[in-house]
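Worksheet: one structure, shown below.
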Amino acid sequence: MTAQEHKDFIENIQRALEISAEKTLRRKAALGESVVYAHPDGTPYTMPAAEALEHYLTSGE
């Protein structure tokens with residue numbers, strides 16, 4: 001695999017993960033569910049999926 005093929009492969013995986021995350025947040029938001037995240041120290045917290053989706057779409061994360 002050339003360096004360019006490797007780069008393209010990684011970019012395809014990253015894009016697929018982005019699509020999957022957005023689809024999951026959209027589905028959970030439509031169902032009125034929450035999502036669980038973790039603080040940097042590892043402690044979990046939840047937030048409404050609609051809020052998480054809004055943050056995801058505006059920040060690109």
Side-chain angles (χ1 to χ4, degrees):
M1 179 179 286
T2 67
Q4 184 60 45
E5 289 172 332
H6 185 280
K7 181 181 176 190
D8 292 343
F9 179 72
I10 297 299
E11 288 173 358
N12 285 340
I13 291 173
Q14 288 173 329
R15 182 64 187 138
L17 288 171
E18 291 168 1
I19 290 168
S20 178
E22 184 176 337
K23 286 173 79 173
T24 299
L25 287 173
R26 286 186 184 280
R27 182 184 60 79
K28 285 182 159 291
L31 295 172
E33 297 178 347
S34 295
V35 292
V36 179
Y37 290 108
H39 292 287
D41 67 0
T43 57
Y45 67 96
T46 62
M47 74 168 59
E51 184 181 328
L53 176 61
E54 182 180 333
H55 181 265
Y56 180 84
L57 294 174
T58 58
S59 70
E61 293 180 4

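Excluded from the calculations below are hydrogen atoms, water molecules and symmetry mates; all remaining heavy atoms, backbone and side chain alike, are included.
Interatomic distance, OG of Ser59 versus CD of Glu54, reported as 10.5 Å (0.5 Å rounding). Taking CZ of Arg27 as the reference point, atom CG of Leu53 lies at 12.5 Å (rounded to 0.5 Å). Note that the OG1 atom of Thr24 and the CD atom of Glu33 stand 10.5 Å from one another [nearest 0.5 Å].
Qualifying side-chain hydrogen bond (donor to acceptor under 3.5 Å, both in side chains) partners for Glu11, counting only residues two or more places apart in sequence or in other chains: none.
Of the possible polar contacts, one joining the Glu5 side chain to the Thr2 backbone as a donor-acceptor pair under 3.5 Å is found.
Nearest approach of Ala49 to Ala29, heavy atoms of both residues: CB-N, 3.5 Å. The shortest heavy-atom contact between Ala38 and Tyr45 is C-CE2, 3.7 Å.
The cluster map of Ile, Leu, Val, Met, Phe, Trp and Tyr, joined by side-chain heavy atoms under 4.5 Å apart, puts Leu31 and Met47 in different clusters. Following chains of ILVMFWY side-chain contacts shorter than 4.5 Å, one can reach Ile10 starting from Leu17, so the two form part of one hydrophobic cluster.
Annotation: side chain of Leu57 is in contact with side chain of Arg26 (closest heavy-atom distance under 4.5 Å).
More than 12 heavy-atom neighbours from other residues, nucleotides or ligands sit within 6.0 angstrom of NE2 on His39.
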